[in-house]
Amino acid sequence: VLHSPSKGTVEMEPDDLILVGKEDDIKKSQRIIAKVNGREVVVFYHEGRFYVLDSRCYHEGGPLYLGEIEDIDGQTCIICPWHKYTITLETGEGLYQGINPLEPSPTPRWQSKGVKQRIHKVTVKNGNVYVSPPDMSVSFDSDYFAEKYKNGGDLAM
Ligand code: FES
């Protein structure tokens, strides 16, 4: 299911949206890097859905573009190739495996650290994929690296 504009933004003109690519191209390649107001984002197409996140991992700026997508506890996640941090594609939450030492036989369980990676709202229209301008009144850990790598920066993979 594709993201559709939420209530109140239905009237939004395409001019407000930033074109990141053609729907067919992204479906074929499954992932692309794009720019949103100079900011590097990664667009994933996975199991019928588009997801857009800041491209640089909130931990130390690893290239999420090169990560593996995995299903973890029913959540679609990208695993950062640098230190294997796990980030949900839908919400940008950082997940970790925690143990409750008080349990009789402690078993690691996935838990959320909260939203760490900025996700971007996607709109698919007339065969094009658009992203909404980021709301910078809210900040996320990944903003630091998004700024650092803005407008090209050092694109070390
Ligand atoms: Fe992504 Fe460290 S930079 S896990």
Side-chain angles (χ1 to χ4, degrees), residues 1-3 6 17-23 25-103 105-124 128-157:
V1 185
L2 304 174
H3 264 308
S6 55
L17 303 174
I18 299 140
L19 179 67
V20 291
K22 293 239 171 265
E23 185 180 356
D25 293 347
I26 303 172
K27 281 182 172 171
K28 244 177 253 153
S29 65
Q30 310 265 291
R31 50 180 75 187
I32 60 159
I33 291 279
K35 288 288 169 98
V36 170
N37 297 345
R39 185 182 191 101
E40 196 186 288
V41 298
V42 56
V43 183
F44 291 110
Y45 179 75
H46 182 75
E47 294 183 349
R49 276 199 57 174
F50 289 96
Y51 303 90
V52 184
L53 296 88
D54 279 354
S55 71
R56 293 286 164 170
C57 174
Y58 73 90
H59 176 222
E60 287 184 358
L64 297 183
Y65 174 75
L66 300 177
E68 300 279 339
I69 294 177
E70 277 181 30
D71 184 279
I72 293 182
D73 267 1
Q75 302 194 82
T76 307
C77 297
I78 182 78
I79 315 294
C80 178
W82 280 7
H83 318 98
K84 309 294 175 204
Y85 273 32
T86 299
I87 302 166
T88 65
L89 286 185
E90 177 149 20
T91 59
E93 280 168 272
L95 299 186
Y96 70 101
Q97 281 192 298
I99 283 179
N100 179 355
L102 300 177
E103 279 180 18
S105 47
T107 321
R109 283 178 220 291
W110 286 101
Q111 309 196 34
S112 175
K113 300 187 221 179
V115 179
K116 297 292 185 179
Q117 194 75 19
R118 183 184 287 276
I119 55 155
H120 299 268
K121 188 167 173 276
V122 187
T123 304
V124 181
N128 290 318
V129 179
Y130 301 90
V131 170
S132 300
D135 173 6
M136 300 310 291
S137 67
V138 196
S139 57
F140 298 97
D141 288 7
S142 64
D143 289 342
Y144 173 80
F145 295 101
E147 269 309 308
K148 191 172 164 190
Y149 289 97
K150 210 165 180 177
N151 298 317
D154 169 11
L155 292 180
M157 293 277 175

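The residues of the chain are indexed from 1 along the displayed sequence. Read the numbers this way: they start at 1 and go in the same order the structure lists the ligands and their atoms. Every heavy atom of this structure was used, including side-chain atoms; hydrogens, water molecules and symmetry mates were not.
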Check your understanding: Which of the atoms in ligand 1, numbered in the order shown and given with their element, are less than 4.0 Å from a heavy-atom of Glu60?
Key -> 3 (S)
Check your understanding: Judged by modelled atom types alone, do Glu93 and Ser112 share a side-chain donor-acceptor pair under 3.5 Å?
Key -> yes
Point to revise | Closest approach of any protein heavy atom to atom 2 (Fe) of ligand 1, naming residue and atom | key: His83 ND1, 1.9 Å
Check your understanding: In terms of atom number and element, which parts of ligand 1 are under 4.0 angstrom from non-hydrogen atoms of Gly62?
Key -> 3 (S)
Exercise for review: Out of Cys80, Gly67, Pro81, indicate the one that has the non-hydrogen atom closest to atom 1 (Fe) of ligand 1.
Suggested key: Cys80
Revision key, fill the gap. For His59, the N, O or S atom at the shortest distance from atom 2 (Fe) of ligand 1 is ND1
Review point. Looking at Tyr85, does the NZ or CZ of Lys113 lie under 6.0 angstrom from its six-membered ring centre and within 45 degrees of the ring axis?
Key: yes
Exercise for review: Mark up the atoms of ligand 1 that fall under 4.0 Å of a heavy atom belonging to Tyr85, in ascending order.
Suggested key: 4 (S)
**Study point:** Rounded distance [0.5 Å steps], CD1 in Ile69 versus OH in Tyr51
**Key:** 8.0 Å
Revision key, fill the gap. Ligand 1 atoms nearer than 4.0 angstrom to some heavy atom of Cys57 are 1 (Fe), 3 (S), 4 (S)
Point to revise | Glu103, CD: over 12 other non-hydrogen atoms inside 6.0 angstrom | key: yes
Check your understanding: Parallel, tilted or perpendicular: which fits the ring planes of Phe50 and Tyr45, with parallel below 30° and perpendicular above 60°?
Key -> tilted
**Study point:** For Asp143, the option from Arg118, Lys148, Lys116 that meets salt bridge (charged side-chain N to carboxylate O under 4.0 Å, His left out)
**Key:** Arg118
Check your understanding: Which of the atoms in ligand 1, numbered in the order shown and given with their element, are less than 4.0 Å from a heavy-atom of Trp82?
Key -> 3 (S)
